[in-house]
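Everything below concerns the one structure shown next.
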Amino acid sequence: MSGLRALLGLGLLVAGSRLQRITTQTSACRSGPTWWGPQRLNSGVRWNSEVMASTAVKYLSQEEAQAVDQELFNEYQFSVDQLMELAGLSCATAIAKAYPPTSMSRSPPTVLVICGPGNNGGDGLVCARHLKLFGYQPTIYYPKRPNKPLFTALVTQCQKMDIPFLGEMPSEPTVIDELYELVVDAIFGFSFKGDVREPFHSILSVLKGLTVPIASIDIPSDR
Amino acid sequence: MRLKGGGLAPQLTSAMSSAAGPDPSEAPEERRFLSTAEAAALERELLEDYRFGRQQLVELCGHASAVAVTKAFPLPALSRKQRTVLVVCGPEQNGAVGLVCARHLRVFEYEPTIFYPTRSLDLLHRDLTTQCEKMDIPFLSYLPTEVQLINEAYGLVVDAVLGPGVEPREVGGPCTRALATLKLLSIPLVSLDIPSGWDAETGSDSEDGLRPDVLVSLAAPKRCAGRFSGRHHFVAGRFVPDDVLRKFALRLPGYTGTDCVAAL
């Protein structure tokens, strides 16, 4: 039950197999596991920070994360739309806690949200919309869009809220560093397997050269 | 931005006597209420132009309603008994919002129980019911007519029976009887969107009807909110894009930080 509450509250699960690599990455996302403990999230979910600090947080393997997902869909009859909305909202809330608008240089702070071809990308679209409502100025790069109503609807919601979609990804990290104060990586999620295809391979290379912070949704997308 | 109080009442009375439409005595940029027709139009805009899904909006409203409850009745200040919440759900959209609210209250460590006597057959309601059942939220099979039993068993009640535009006679006997019982409640009552049974435009029956302590207006307040005289009025409308608020000439207090509700 607490695992389910974690999913509903945060929308962030960290795959166990990735843990070692997170700590050694130089471009490691700042919203990784280290800040779960001391910070109390207040998007309505109450966390007992003492419990969080003293008991080990269980990190899920890819199989376990998929099993949680299946249980939510099949047993609990959650819809993808529902969970995606909660996940995206939770991510935007988490990002706003980690990088409050008042702590950023620009007003409104500029954020680049890179959305991948699957559900992680959908989470990114929801996240971008809520970041806009929270007072950020998001821009989205969404090169591979599934032709499904769920995703086309989410794109429409963002477009109607005047969130721009880039036609191409800046190829130089310095360009991104200059334009954006934060990058949200919503490229690949826990169900990703196999080789990274273009354009995402190039995108990930560019992200590795960034100096601005990267917030990864669910797992850091690098390979 | 107080909605209650003598200063506003005269203007509202003259507005209420006219048909649904903008109140001429309220300057356009200061409108704080929607008529029933406008509320429906705002929802249509979100569904059709913005391509929001109904499930998405219901989830956002239900989550925000639960957050409003946590603000009005913070958990640390409550005893075990006071954390028990009875959520009374009607068969329409207001009831669906109530089901989502109950689930989030559970996540927020309150102890909800649901009374949902007239069940909608639509898929959204059925799935939301399943989610609550799977999270071990009990569903009452009947509601005592003796209000003292409710006062003793629960710390507060959430009224998610009737939304704007739904006639009381549409929701069936058990809901109607439940509302009659809730009128006599002495524990706090939280109404979602409008106090069930109030006319959404005029607020008539506000004397004889439910008297909630807390009103959570969904998206934007409805006209009858002008007659609300309880302790807290929240608007749960963070998700409404600025352009839509402008289109309906609504000016509401800003939300702080990542809050999804604002106190009016």
Side-chain angles (χ1 to χ4, degrees), chain A residues 1-2 4-10 41-48 71-86 88-97 100-102 126 129-136 149-163, chain B residues 45-71 74-76 100 103-110 123-136 237-245 254-261:
Chain A
M1 187 57 75
S2 61
L4 288 166
R5 288 190 192 178
L7 174 63
L8 291 169
L10 283 176
L41 296 178
N42 201 23
S43 58
V45 179
R46 293 187 39 100
W47 285 97
N48 183 330
E71 175 128 357
L72 292 174
F73 290 134
N74 297 335
E75 302 283 323
Y76 285 71
Q77 300 294 312
F78 278 104
S79 69
V80 180
D81 313 50
Q82 230 175 333
L83 294 183
M84 200 168 272
E85 188 70 26
L86 291 171
L89 171 60
S90 300
C91 289
T93 305
I95 290 169
K97 298 290 180 191
T102 47
V126 177
R129 173 165 38 88
H130 286 285
L131 284 175
K132 174 92 192 224
L133 293 167
F134 291 163
Y136 296 80
L150 167 65
F151 297 98
T152 54
L154 291 176
V155 167
T156 301
Q157 290 154 32
C158 289
Q159 287 170 332
K160 289 285 292 181
M161 287 181 62
D162 298 322
I163 299 173
Chain B
E45 171 123 4
L46 293 177
L47 293 171
E48 291 169 15
D49 292 14
Y50 281 72
R51 305 269 315 277
F52 279 101
R54 191 171 291 280
Q55 191 168 51
Q56 224 174 340
L57 297 181
V58 167
E59 188 73 29
L60 289 167
C61 285
H63 168 255
S65 298
V67 170
V69 169
T70 69
K71 290 194 184 286
L75 204 62
V100 176
R103 171 165 38 87
H104 285 278
L105 285 175
R106 180 80 166 86
V107 173
F108 295 162
E109 295 177 26
Y110 291 75
L123 198 54
L124 173 61
H125 282 84
R126 285 196 345 230
D127 288 346
L128 293 177
T129 303
T130 301
Q131 289 152 29
C132 288
E133 286 169 343
K134 292 289 293 184
M135 290 184 66
D136 299 324
R238 191 79 192 255
F239 59 91
V240 181
D242 280 347
D243 281 354
V244 176
L245 294 175
Y255 297 86
T256 53
T258 56
D259 285 355
C260 54
V261 295

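Any value given below was found using the heavy atoms of this structure, including those in side chains, with hydrogens, waters and symmetry copies removed. Every chain is numbered from 1 and lettered A, B, ... according to where its sequence line falls, protein lines coming before strand lines. Quantities reported herein were computed from a predicted structural model and do not represent experimental measurements.
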Would you mind checking which part of D49(B) comes under 4.5 Å of any heavy atom in chain A, side chain (CB onward), backbone (N, CA, C, O), both or neither? both

Please determine whether side chain to side chain contact (heavy atoms under 4.5 Å, CB included) holds for the pair F134(A) and L89(A), giving the CA-CA distance in whole Å, both sets of side-chain angles, and the decisive distance to 0.1 Å. CA-CA 10 Å; F134(A) 291 163; L89(A) 171 60; 4.1 Å; yes

Side chain, backbone, both or neither of D243(B) within contact of chain A (heavy atoms, under 4.5 Å): side chain

How are the rings of Y76(A) and F78(A) set to each other: parallel, tilted or perpendicular (split at 30° and 60°)? parallel

Below 4.5 Å from any heavy atom of chain B, which atoms of L150(A) appear? Answer side chain, backbone, both or neither. neither

Less than 4.5 Å to any heavy atom of chain A: does that hold for the side chain of V240(B), its backbone, both, or neither? backbone

Apply side chain to side chain contact (heavy atoms under 4.5 Å, CB included) to M161(A) and L133(A), showing your working. CA-CA 9 Å; M161(A) 287 181 62; L133(A) 293 167; 3.7 Å; yes

Atom group of L128(B) that falls short of 4.5 Å from chain A, counting heavy atoms: side chain

Given that the side chain runs from C-beta out, which part of L60(B) has a heavy atom under 4.5 Å from chain A: side chain, backbone, both or neither? side chain

Shortest non-hydrogen separation from Y50(B) to K160(A) and the atoms involved: CE2-CB, 3.3 Å

Sequence neighbours excluded, which residues qualify as side-chain hydrogen bond (donor to acceptor under 3.5 Å, both in side chains) partners of R126(B)? none

Side chain, backbone, both or neither: which part of E85(A) has an atom under 4.5 Å from a heavy atom of chain B? side chain

Chain A contact via Q131(B) - side chain, backbone, both or neither, heavy atoms under 4.5 Å: both

Non-neighbouring partners of D162(A) that pass salt bridge (charged side-chain N to carboxylate O under 4.0 Å, His left out), sequence neighbours left out: none

